[in-house]
Amino acid sequence: MPKTVKLMQGNEACTAGALAAGLKFYAGYPITPSTEIAELCAEELPKIGGKFIQMEDEIGSIAAIIGASLTGKKSMTATSGPGFSLMQECLGYASLCEIPLVIVNVQRMGPSTGMPTSPAQADVMQARWGTHGDHPVIVLAPGNVRECFELTLRAFDLSEKYRVPAIVLTDEVIGHMREKVELPDPADVKPVRRAAPKSPAGYKPYAVESDSATPLMAPFGEGYRWHVTGLFHDESGFPSNKPEVADKLLRRLMAKVEKNAADIEDYATESLEDCDIAVISFGSSAMSSLSAVRRLRKEGKKAGMLRLKTIWPFPETVVRELAGHAKTIFVPEMNLGQLALEVERVVGCRSRVVRVGKVNGELFRPEEIYNAIMGAK
Amino acid sequence: MSDALKYFRQDRLPHIWCPGCGHGTVTGALVRAIERLGLDKNKVCVVSGIGCSSRAVGYLDFDTLHTAHGRALAFATGIKLSRPDLKVIVMTGDGDCTAIGGNHFIHAARRNIGITTIVMNNEIYGMTSGQYSPMTPKGLLGTTAPYGNAERSFDLCELAKASGATFVGRGTSFHVPLLIDLIEKALQNDGFSVVEAITQCPTYLGRKNKLGGAVEMLNWIKDKTVNAKAAAALPPEKKAGKLLIGELHNAPAPEFAGEYGELIGKVQRSFENIKGGLWECASNSD
Ligand SMILES: Cc1ncc(C[n+]2csc(CCOP(=O)(O)OP(=O)(O)O)c2C)c(N)n1
Ligand code: SF4
Ligand SMILES: [Mg+2]
């Protein structure tokens, strides 16, 4: 089949990316501005023998996709702020039990019910630290509609590969915006699937070869008869209270992401090499940022741009390199300084970091970012 | 028991329960019912929430899932919908099922999804050491009801029936043969089945309320229940304030996961020759 070109909405592209990855199970609860994803899954999944269910709330939604994922199906849910908050406990469950799944969070203004139809990017820290306890998580942030397709597909690949829940963090603008998207030939898409054991004989669900490895995952219903628990567990999967077991497990869970950061990290750059004014942004703020950077370049300023497609793990290396030569780093984001905190942590005092926050429920206009850069003393 | 033993992970023993706890009796009843039906170990999946009762799944030799407090039915819904061929059983406590998990319970019943739910009702929060639950009778003491529970309790079986469960029964850890029969019937019902198993927590409910040890509590349970069939012939004063035990509701109806499967078949047939739509993106490799 030749490549197809479609005019698509961001939420639609997320759904298409999930289907391309092999999505077979969706559970969700309606919430603006993510609902189109649920509606499309309800329509498309039955056509390919997949399942859709509208659960009674978002806690039930994430619980149901964990259950489905345990049967070997690629599973997803989509939501926005209030629903994402409700999912936090079970997100931690998936992290600890190493259950692959994807959550699309189409961010809206919060806290609380906030401004349901307005964009925000204020769940950056919640996506990383929303559930209790240290835990691994992977967070990707599409910067346009095509990337909604690509990064949702990639979220599945990474989640399956490392058995870490993956979150696609978009926002109301990216989710509802329409753009032309060139979809790959399905035959060219090679989705990743979790590594499975060969036979139930001697299966130890959490046995690994190294202290950062991902264990093999057996599907339920195939004779493995294994145990999954949100209690700390040893390699047999059964609960353990031993301090050394807990320590070893948690360090391995974190290492799965930390030691593979180079594989997971992804970003786009523009004119970074010689810049002394750098902009670091993501999602819809990055669209406005890029216009501002290009205008500055035209006017002869040495401006450059780093757009993060992976937010967690935070791409430290590229940011650290930037700190060497960019005098000032601007961080435009639709919150009051969440990504900026990470930039500040990595950059230290080697560059000046300027937070450019917007929290009125509106997208940045390019000139606001341009003015922030020009006006910085 | 010898044949039923094969359904236990005997290497996981000893269990965590206190001496005299009724949860083991209920777990034993479940296993005996499974044994009577000769279910294939590899096609049974048992899911639980959090609580002393929910620890039962760790001792059972099936695919087992010990989830989050109150959420067992929602996890189980994902499993059953994804794999309708599996026998999915939920083991839950009174707090797990009727407080934090109450909404999932109502909706699982409404859907009539094929899950057999065993509610191990000791009328108290055992694991967190004796706080009152939505099933604690009015007036009884709990650590958070130091002057007697001021709240009314649920009739869980009525709730299950009203919500759409197609098989409902109540048994106890005293009436074990009845409990096994009820669970056996519940497992045979293709739909959402609920068996409430009243059981004893001597450590907290018993001690706090001076109800004695396990034996005294079992007699206490015996005295506060009456068989539903026998009750029909009893004068009102003999059944006042007593809980009915036995089969309370049996009204088979189409099971949700199966019906959804049929719907998929219909959708697939009607879209066979039509192009367009997002599903063309769908990967066949998975
Ligand atoms: C979200 C959440 N809230 C509270 C708890 C603490 N907690 C653990 S078990 C439990 C009550 C269990 O009672 P029940 O379901 O009746 O089971 P039992 O121990 O009596 O068998 C509570 C409140 C928890 N684990 N998770
Ligand atoms: S505390 Fe109560 S419910 Fe828990 S194991 Fe002990 S007796 Fe059983
Ligand atoms: Mg209880």
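Below, chain A is the first sequence line, B the second, and so on; all start at residue 1.
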Is the NZ or CZ atom of B:R12 positioned over A:F238's six-membered ring, under 6.0 angstrom from the centre and within 45° of the axis?
yes

Rounding to 0.5 Å, atoms CE (A:M55) and NE2 (B:H107) come to a distance of 9.0 Å

In short, B:I264 meets A:P46 closest at the heavy-atom pair CG2-O, 3.4 Å

Closest-packed option against chain B by number of heavy-atom pairs under 4.5 Å, given A:G237, A:S236, A:G223:
A:G223

Can you list every salt bridge (charged side-chain N to carboxylate O under 4.0 Å, His left out) pair that touches residues 100-112 of chain B, not counting sequence neighbours?
A:E56-B:R111

Quick one, B:R55 and A:L231 - any side-chain contact, counting heavy atoms below 4.5 Å?
yes

For A:E43, which atoms come within 4.5 Å of any heavy atom of chain B: side chain, backbone, both, or neither?
neither

Donor-acceptor under 3.5 Å (B:D63 side chain, A:W226 main chain):
yes

What part of A:I65 gets within 4.5 angstrom of chain B, counting heavy atoms only: side chain, backbone, both, or neither?
neither

At their closest point, which heavy atom of A:T71 faces which heavy atom of B:S82, and how far apart are they?
OG1-OG, 2.6 Å

Do B:F256 and A:I53 come close enough that some side-chain heavy atom pair is under 4.5 Å?
yes

Do A:Y93 and B:R71 make a side-chain contact, defined as non-hydrogen atoms from C-beta onward lying under 4.5 Å apart?
no

Quick one: what part of A:K73 sits under 4.5 Å from any heavy atom of chain B, side chain, backbone, both or neither?
side chain

State the CG-OG1 distance between A:L70 and B:T67, to the nearest 0.5 angstrom.
11.0 Å

Contact winner vs chain B - A:I59, A:I66, A:D57, heavy-atom pairs under 4.5 Å:
A:I59

Any donor-acceptor pair under 3.5 Å from B:Y260 side chain to A:F52 backbone:
yes

